[in-house]
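Read the structure below first, then the notes.
In this chain, residues are counted from 1 in sequence order. As the structure is a computational prediction, the values presented were derived from the model and not from experiment.
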Amino acid sequence: MSAAHDHHAPGDDEQVGTDHSGLATADHGQEAAGVDAGHDPHAGHDAHAGQDAHAGHHGHGGHGGHGDHAAQFRDKFWVSLVVAVPVVAFSSMFAGLLGYDVPSFPGSEWISPVLGTFLFAWGGWPFLSGGVAEARAKQPGMMLLIAMAITVAFVASWATTLGIGGLDLDFWWELALLVVIMLLGHWIEMRALGAASGALDALAALLPDTADRVDGTSGTDSGDGTGPGTGSGATTEVALADLVAGDVVLVRSGARVPADGVVVDGSAEMDESMITGESRTVARGEGDRVVAGTVATDGALRVRVTAVGDETALAGIRRLVAEAQASSSRAQALADRAAALLFWFASGAGVVTFVVWLLLGDLDQAITRTVTVLVIACPHALGLAIPLVIAISTERAARAGVLVKDRLALERMRTVDTVLFDKTGTLTKGEPGVTDVATASSSGGLTGDEALRLAAAAERDSEHPVARALVRAAAAEAAAAPQEARVESFRSLTGSGVSARVDGVDVAVGGPGLLRDLALEAPADLAAATEPWRGDGAAVLWLVRSGGVVAAFALRDEVRPESAEAVRRLHDAGVRVAMVTGDARQVADSVARELGIDEVFAEVRPDEKDARVAELQQRGQRVAMVGDGVNDAPALARADVGIAIGAGTDVAVESAGVVLASSDPRAVLSVISLSRVGYRKMIQNLVWGAGYNVLSVPLAAGVLAPVGFVLSPAAGAVLMSLSTVIVALNAQLLRRWRPAA
C-alpha cells in the first residue's frame with residue numbers, strides 16, 4: 001500500500017463523528033461516518049497500485065462474591081458422587097425404603113457417618129461458606145437455605161449414630177444426595193454462564209508494555225503536536241509509565257500506538273478496529289491524530305504524545321466501562337429471590353413446629369418434626385431445575401448463533417421494551433456501497449454500466465473503501481468488466497481522487513475536490529440528479545472523461561438487507577427501536593426512515609453513547625444496546641442488556657451479556673424469544689418446587705397428626721427427590737424452542 005496521505009479538501013462541510021482526513025474514518029474513537037453528504041469521498045484516498053458482567057456466579061451470597069469457577073464445582077461433584085454411593089448404600093433409612101439389609105462387617109456402621117462427614121465438610125463447603133456470607137450480609141438466599149438443610153441433617157444424623165436423645169433420623173443418605181445434587185446444579189449453571197468480566201482486561205491488553213521513545217524529545221512539546229523537531233533518530237525503550245506529553249515515540253510497522261498523539265513524521269494505514277469496530281484500515285499521516293491501542297499496519301510513524309495514562313481516549317473508555325459495570329443492577333437472580341422467601345418460610349415453620357410439639361409435651365416429636373421440616377425444605381428442585389433451564393437455554397441459543405454470557409442478562413431480556421442499535425456495522429454493513437448511478441446527457445450515450453466500468457478500472461488496484469465499492473458495483477454488472485480494461489498512467493490526486501488512462505481514454509474519479517482542482521462544473525441535468533442523493537445522506541463521486549464530467553455515483557453505508565425485517569418484527573413484539581450513531585443528522589435520519597426506526601440519536605461522540613442509554617433508562621425504559629466497537633463498550637455495560645456483534649471487537653464482546661455470532665440484527669428477536677420462553681420454564685419450575693415445599697412442610701410438621709397422618713422423614717426425602725425429577729423433565733421441554741430469525 002502507498003504510504004501517502006491526503007487531506008480533506010478545504011471548504012467541505014464537516015460533521016460530528018467524521019474524521020476530516022478521509023472517508024469513513026474515526027477520529028479519537030468517533031464512529032466512522034460512512035459516506036456523508038457534503039463530504040469529498042476521496043479525501044484521504046491514496047493510490048494503492050499493485051498492492052480483527054461480572055465474573056462468577058450472581059446472586060448466591062459468598063459464592064458469587066468469591067468467584068468460584070465451574071471447574072471447582074465439577075471436581076467436587078465427581079468426587080462427591082463417588083463418595084456418596086457407599087454413604088447411601090450403607091444408610092439404614094435408605095435400606096428400609098428399598099427393603100434390603102445393610103451389609104454388615106466390622107466397621108460397616110461407620111461408613112456412612114465418616115464419609116458423610118467428609119461430604120458435609122468438603123463437598124458442602126461452598127454452601128456453608130456461602131451461607132455464612134449471606135447471613136452476615138443479612139441477605140438470605142439459596143446458599144443459606146442449603147447450608148441450613150445440610151447442617152441440620154449432619155447434626156441429626158450424628159445424634160442418631162451416637163444414640164443421643166433417642167433420635168432415629170439417619171439422614172446420611174439425604175445429606176449425600178443433597179450435596180451431590182446441589183454441586184451438580186451449580187456446576188451446570190456456572191458452565192452455562194461463562195465469564196463476563198473480561199472487558200477491562202481486554203482494554204488493558206490493547207496497549208503495548210513498552211514504547212520506543214525517540215532520543216532528545218522528552219518533554220519538548222506542549223502536547224499540541226506542533227513543537228520542535230523529532231529528535232536524533234535513535235530510540236530508547238521505556239515503560240509506558242515513563243512517557244510524558246511532548247515525547248516523540250516511534251511506532252514501527254505492525255506495532256500498536258502506545259499513547260494518544262499527533263503524527264509528526266511518516267504515514268501508515270492504521271487498523272482502528274479496536275475503536276471503531278470496523279475492519280478496514282485508515283490512512284494516517286503528518287498532522288493526524290492517532291489513538292493509543294491502534295495498529296500501524298504497513299508503515300512506521302513518529303508520534304508526538306499528547307495524552308498518557310488516564311488521559312488517553314482508551315483509558316476514558318475503560319473508565320466508562322468500569323463505571324457502567326459498577327452501576328449495573330445487582331438484583332438477585334430469580335431462583336435466589338425464591339430461595340430467600342423459602343428460607344424465611346422454612347425457618348418460621350421450623351420454629352412453630354418445635355414450639356407446638358413442645359407445648360403438646362412431646363419433646364421427641366418436637367425434635368423429629370422440626371429436623372424433618374428443615375431438611376425437606378431445602379430446595380432440591382430449585383437448586384437443579386433453574387440451572388438446567390439456564391444450561392438448556394444457553395445451549396439452544398448457541399445453536400442459533402447467540403452466546404449467553406450472563407444469566408441475568410438473559411432473564412432481563414424479556415423485560416426489554418427498547419432496543420438501541422449502533423448504526424455502523426450493526427444495522428448497516430459499515431462500508432460504502434454504490435446505490436445510484438447517473439450519466440449526463442452530454443456524455444454521448446454513456447450508460448451506467450459503462451460509467452461503472454471506467455471508474456472501477458481506474459480504481460481497481462486501490463484498497464480504499466471507495467475504490468472497493470466501485471469495483472464491487474462494477475463486478476455485479478455483467479456488462480462491466482474492469483479487470484479487462486487496460487490501465488496506464490495511474491496517479492493519485494492529493495485530496496481529491498485518482499486519474500488514469502483507461503483503454504486510451506483519460507479518466508478521473510473523485511469528489512467535490514476533484515471538480516474544483518480541475519476547474520470543472522457538473523452539467524445541470526447531472527447536478528439535478530444528485531440533489532436527492534445528498535438529501536438522503538449519500539456522498540457523490542464524479543466521473544470525468546476526456547476533460548468533461550460525464551457521470552455521478554451515489555455512495556452510502558449500505559443498510560443490511562435483514563435490518564428492515566428485524567425492526568418490523570421488534571415492533572410486532574411490542575419493542576421500540578432506537579439508533580445511535582456518530583454520523584450527521586441527515587445520514588442518520590435517512591437510515592431511520594428506510595428502516596422505520598422510532599428514535600434517532602445522531603452526531604453522538606463515543607463517550608456520549610452510554611449517556612444516551614442512561615437517558616432512555618431515566619425515562620423508565622428497559623434498554624438493550626446492540627453494538628460492535630470499543631466505543632460501544634460503555635453503552636453495552638450501561639444497558640439493562642448489552643448485546644455485542646460477535647464480529648466486533650473483543651472489548652465490545654466482553655462488555656456484553658449476550659453475543660451474536662453473526663451480524664444479523666434479527667438475532668435480537670431470538671434473544672427476546674428465548675428469554676421469554678426460558679423465564680416461563682423458570683416460573684413453572686419455581687411454582688412446582690416452591691409449591692411442593694409449601695405443601696410438604698406442613699405435612700412434615702404434623703398438621704394432620706390429629707387425623708392419624710404424619711409424613712415420615714424418609715417419605716418426605718423421597719418426595720423431595722421426585723420433585724427434582726419432575727422439574728428437570730419440564731426443563732427438558734425447552735429443547736423444543738426454535739430461533740425466531
Side-chain angles (χ1 to χ4, degrees), residues 72-129 131 146-187 350 363-380 383-384 696 700 710-725:
Q72 294 174 324
F73 280 97
R74 177 199 63 203
D75 295 343
K76 282 184 177 291
F77 164 73
W78 286 116
V79 173
S80 297
L81 179 62
V82 172
V83 174
V85 172
V87 173
V88 173
F90 283 86
S91 170
S92 59
M93 182 182 286
F94 185 79
L97 286 173
L98 298 187
Y100 70 88
D101 294 325
V102 176
S104 179
F105 50 84
S108 61
E109 69 274 15
W110 295 104
I111 290 179
S112 290
V114 171
L115 295 181
T117 298
F118 169 78
L119 284 176
F120 171 75
W122 187 77
W125 177 251
F127 312 114
L128 295 172
S129 59
I146 297 171
M148 179 178 69
I150 63 177
T151 300
V152 170
F154 175 75
V155 173
S157 298
W158 262 117
T160 299
T161 300
L162 299 177
I164 299 175
L167 295 178
D168 185 18
L169 296 171
D170 176 19
F171 275 124
W172 289 118
W173 72 281
E174 176 59 22
L175 168 65
L177 290 180
L178 184 54
V179 169
V180 169
I181 289 174
M182 290 305 172
L183 286 173
L184 174 61
H186 281 71
W187 173 31
L363 179 60
D364 288 344
Q365 278 295 323
I367 295 174
T368 300
R369 295 292 104 203
T370 301
V371 170
T372 303
V373 165
L374 294 178
V375 171
I376 71 171
C378 184
H380 282 62
L384 183 61
S696 62
V710 177
L711 184 67
S712 70
V718 170
L719 289 175
M720 183 167 51
S721 297
L722 288 177
S723 72
T724 303
V725 174

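A donor-acceptor pair under 3.5 Å is absent between the side-chain atoms of Ser91 and the main chain of Val87, judged by distance alone.
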Check against side chain to side chain contact (heavy atoms under 4.5 Å, CB included), Leu177 and Trp173: CA-CA 6 Å; Leu177 290 180; Trp173 72 281; 3.6 Å; yes
Test side chain to side chain contact (heavy atoms under 4.5 Å, CB included) applied to Ile111 and Trp172, step by step: CA-CA 10 Å; Ile111 290 179; Trp172 289 118; over 6 Å; no
Residues Leu119, Ile150; criterion side chain to side chain contact (heavy atoms under 4.5 Å, CB included); working and verdict: CA-CA 10 Å; Leu119 284 176; Ile150 63 177; over 6 Å; no
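Taking every heavy atom of both residues into account, Ser112 and Pro86 meet most closely at OG-O, 4.1 Å. Across all non-hydrogen atoms, the minimal contact from Ala84 to Ala176 is CB-CB, 3.9 Å. Across Ala147 and Gly131, no two heavy atoms sit closer than the pair CB-CA, 4.3 Å. Annotation for Ala95 and Val102: closest pair CB-CG2, 3.5 Å, computed over non-hydrogen atoms. Closest heavy-atom contact between Ala153 and Ser157: O-OG, 2.7 Å.
With 3.5 Å as the limit, one finds a donor-acceptor pair spanning the side chains of Thr117 and Trp158.
Side chains of Leu81 and Leu183 form no contact here, defined as non-hydrogen atoms less than 4.5 Å apart. Side-chain contact check for Phe154 versus Val179: every heavy-atom pair is 4.5 Å or farther apart.
The environment of CH2 in Trp122 is crowded: more than 12 heavy-atom neighbours from other residues, nucleotides or ligands sit within 6.0 Å.
Between Phe73 and Phe127, the ring planes are tilted. Angles from 30° to 60° get that label.
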